[in-house]
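These notes concern the structure reproduced below.
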Amino acid sequence: MADKNDLSGVRNIGIMAHIDAGKTTTTERILYYTGRSYKIGEVHDGAAVMDWMEQEQERGITITSAATSCTWKSKRINIIDTPGHVDFTVEVERSLRVLDGAVAVFCAVGGVEPQSETVWRQANKYSIPRIAFINKMDRVGADFERVVAMMEERLGTNPVVVQIPVGKEAGFEGVIDLIKGKMYSFDEDSLGQDVIVKEIPEEYRDRFTAAHMVLIEKLADFDDEIMENFLEDTTVSATEIYRALRKTTLELQIVPVICGSAFKNKGIQPLLDSIIQYLPSPLDVPPMVGMGKNGEDIVRKADSKEKLSALIFKLMSDTFVENLAFVRLYSGMLKVGDKVFNPVKKKKEKIGKLIRLHANKREEVDLLKAGDIGAIIGLKFSTTGDTLCSKGDYIILESMEFPEPVIGVAIEAKSKADEKKLTETLAKIALEDPSFKISKNEDTGQTIISGMGELHLEIIVDRLLNEFKTNANVGKPQVSYKETISAIAEAEGKFDHDSGAKGQYGHVVLRVEPLDRAEGVVFESLVKDDQIPVEFLGAIEKGVRDSLDAGPLIGYPVTDIKVSLIGGSFVEDESTEMAFGISSGMAIRRVTVEAEPLLLEPIMRLEITCPDEYLGDMMNDLNSKRAKVVGVDTNDGLQVVKAHAPLAEMFGYSTSLRSATQGRASFTMQFEKYDVVQKNRANEIIRKIRGI
């Protein structure tokens, strides 16, 4: 019996798939059959152990990646159940970063769905060996062969079938193991707990022989011993097949395919066997390479005797403790009370408590070893993507890249008393979720919260209002327009006020001219000291800049303008800074009206990745949004379109892109520049904002 702490007996795996393919149900069954749960939790009842957030139970979907561990045949399996919805792609990203292997779950009816492609590409990025579990074989329309063909066609992978189904839809009885040559059925009275091993039914003999031959042929392409046996027409033993399957899976040359129905409790034990059989232990993956103090490479092997290197891959706020830091140990050990170093933040941290997680339940432990995934309570400075190492050591593990948020809404506290709580809660959520950003719109004074899509923000708002009990109003963000001028003009401003005891006098003549985009506001004085003394120039410039905060069209800031002080006068004993500030404000308001003002809008830079067949629909959708395409590249069977589009047209774009491409395209968006709004469109915006 392998030692529970022996690294060769550890599997750090993720369960990944398109939304609603049955990832969470599969994980629930794994926990049940490994004795982790005493009853089976169901997603549709809102009782799944892994979907522990209230928002997950209401919607029947997974939002956060929950972590748990269980034991199967004396091997420890650490599992992360990841979300399937595209808005939570960052959750998948950070889970895959710390996993060694993955189970890709496909629906036997839907097959390879849009988000399956996205998570598959993410797993390719991190070179993660995986096996495929074709789930829902009991559903109407289930088609095992079609899903295998889709894997080849859409994912560009090499699926190798190691099990075939017996029956389908309501008649799904069990599976035939192509290596052992036996049929497995699952006793319904014991909720599938008892696996019944049978001989292959006569009507499936020919199908088994053909499928077994395909399996040997595929492995012969990668394995010389099997190739020899195949050519000599001698039998290939089960041991040889397992060895070749494991080797080729770890080398990312093939993906073993099995099937079942998690909901009907069929096929889970063979899935667990496959996880142990084909997926890597921490010893099977390349050693972790980090960066030293001088930028040199440092290699750390998966060994508890090595120096400590651990990566924090997620923070989670908790009602009982300040926060939980999820951590993957690549080398060394972490003990309660240890003092460790965070080289990213250049801070020392003390390990308060260590936890092994089971969804939202937890088990305190004294230490975590290389290869473990657990959580730390009590870290003060560390955030997602940080490395922890021994005190006196220095190594930074490659962090994660998070996409920029693409959609935002305005939020404000309902009352003055709620402001502090709202600010603190938003900061807490931003610490947990690197794809969530908070910004202040200086022009409108609004707080804008931004995320990866409408559902992402909907969940965050839901958590703010219900979990954190924050009183807030949520609206739509205003596009931050700006104004500029298109002509040269001059105007004067004179403030001559007699207040009785002492007069107030200021007189300026200003000239304005347009500048190129992104030049901002430039002020210069062309007058001599005897015309306007130098001590008043600061007040004049301030008066100009303050007045340019609200332009002549609809009150947005004026930019890309050069203002020259070309004339004016002063009166000894009566001229004051205040008077010159007022007179320069009067002059700038007059001159900007005369200088043919224009409206500017923010233009976003888009990069859209889209399968070939949806390129036309996606382009039509882009054209309807006043976008300009600036380039198209082909990358691995996908079209990568670069475009510029006005932000005003981009609200809800994630939804319209999904509609145009059946959810198979993804995009990133960031600010590019301000540009002039066409006259007709500008008039519409001005009328709307003025309420005409």
Side-chain angles (χ1 to χ4, degrees), residues 440-445 480-602 673-677 679 682 685-686 689-690:
K440 193 90 170 170
N441 186 321
E442 298 302 332
D443 304 327
T444 63
S480 216
Y481 293 103
K482 289 196 176 179
E483 298 179 25
T484 191
I485 57 166
S486 59
I488 298 172
E490 292 178 11
E492 72 171 340
K494 186 182 272 190
F495 182 74
D496 187 1
H497 182 69
D498 187 0
S499 60
K502 186 186 173 194
Q504 293 268 9
Y505 181 87
H507 171 222
V508 297
V509 181
L510 299 177
R511 181 177 69 227
V512 294
E513 52 195 289
L515 293 175
D516 291 337
R517 293 292 78 85
E519 296 261 339
V521 175
V522 175
F523 176 83
E524 67 173 3
S525 170
L526 301 175
V527 297
K528 294 190 173 140
D529 279 4
D530 59 353
Q531 202 175 354
I532 298 176
V534 71
E535 63 262 30
F536 295 123
L537 294 183
I540 293 169
E541 182 174 352
K542 185 174 186 304
V544 164
R545 289 185 182 274
D546 286 352
S547 297
L548 287 174
D549 279 348
L553 293 174
I554 37 177
Y556 281 98
V558 180
T559 188
D560 305 337
I561 181 173
K562 182 178 182 183
V563 182
S564 303
L565 175 64
I566 58 170
S569 59
F570 82 107
V571 174
E572 198 83 52
D573 297 332
E574 287 194 9
S575 285
T576 62
E577 287 190 356
M578 187 183 87
F580 271 110
I582 293 169
S583 64
S584 56
M586 290 160 65
I588 203 75
R589 281 192 289 275
R590 282 180 196 146
V591 78
T592 49
V593 172
E594 289 169 24
E596 297 173 22
L598 296 171
L599 193 63
L600 297 174
E601 65 181 342
K673 61 181 179 179
Y674 271 89
D675 211 350
V676 176
V677 184
K679 197 164 186 184
I685 294 166
I686 292 164
I689 291 174
R690 285 182 179 167

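We count residues from 1, following the sequence as given. Everything numeric here is computed off the predicted structure, so don't read it as measured data. Quick note: numbers below take in every heavy atom, side chains included, and nothing from hydrogens, waters or symmetry partners.
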Could you note down all residue pairs passing ring-ring contact (aromatic ring centres under 6.0 Å, His included) where residues 502-546 supplies at least one of them, sequence neighbours left out?
Phe536-Phe580

Interatomic spacing from CD in Glu513 to CD in Glu490 - rounded to 0.5 Å
10.0 Å

OH (Tyr481) and CD1 (Ile554) are apart, to the nearest 0.5 Å, by 7.5 Å

Shortest non-hydrogen separation from Ile532 to Gly567 and the atoms involved
CD1-O, 3.9 Å

Tell me, with the steps shown, if Val527 and Ile566 meet side chain to side chain contact (heavy atoms under 4.5 Å, CB included).
CA-CA 6 Å; Val527 297; Ile566 58 170; 5.6 Å; no

Checking side chain to side chain contact (heavy atoms under 4.5 Å, CB included) between Val512 and each of Ile488, Ile588, Val558, Leu548, which is the one that passes?
Ile588

For the atom pair OG (Ser583) and CD (Gln504), what is the distance rounded to the nearest 0.5 Å?
11.0 Å

Pairing residues for Asp675 by the salt bridge (charged side-chain N to carboxylate O under 4.0 Å, His left out) criterion, not counting sequence neighbours:
Lys673

Which distance, rounded to the nearest 0.5 Å, do you find between the OG1 of Thr592 and the CG of Leu510?
10.0 Å

Please report the closest heavy-atom contact between Val544 and Ser584, naming both atoms and the distance.
N-OG, 3.9 Å

Of the non-hydrogen atoms in Ser564 and Leu526, which two are nearest, and what is the gap between them?
CB-CD1, 4.1 Å

Look up atom CG in Leu599 and atom NZ in Lys679, then write down how far apart they are to the nearest 0.5 Å.
13.0 Å

Just so I know, are the side chains of Val563 and Val591 near enough to count as touching, which here means a heavy-atom distance under 4.5 Å?
no

Backbone N or O of Glu596 within a donor-acceptor pair of the Ser486 side chain at under 3.5 Å?
yes

Smallest heavy-atom separation, Asp560 atom then Arg517 atom, equals OD2-NE, 2.9 Å

How many angstroms lie between CG in Leu565 and CD1 in Ile540, if you round to the nearest 0.5 Å?
5.0 Å

Side chain to side chain contact (heavy atoms under 4.5 Å, CB included) between Thr484 and Leu515, intermediate numbers included
CA-CA 9 Å; Thr484 191; Leu515 293 175; over 6 Å; no

Using every non-hydrogen atom in the two residues, find where Leu553 and Glu483 come nearest and quote the distance to one decimal.
N-OE1, 2.9 Å

Looking only at heavy atoms, which two atoms of Gly506 and Ala579 are closest? And how far apart?
N-CB, 3.7 Å

So, Arg590 and Glu594, do they make that salt bridge, N to O below 4.0 Å?
no

For Asp546, the side-chain hydrogen bond (donor to acceptor under 3.5 Å, both in side chains) test, sequence neighbours excluded, returns Lys542

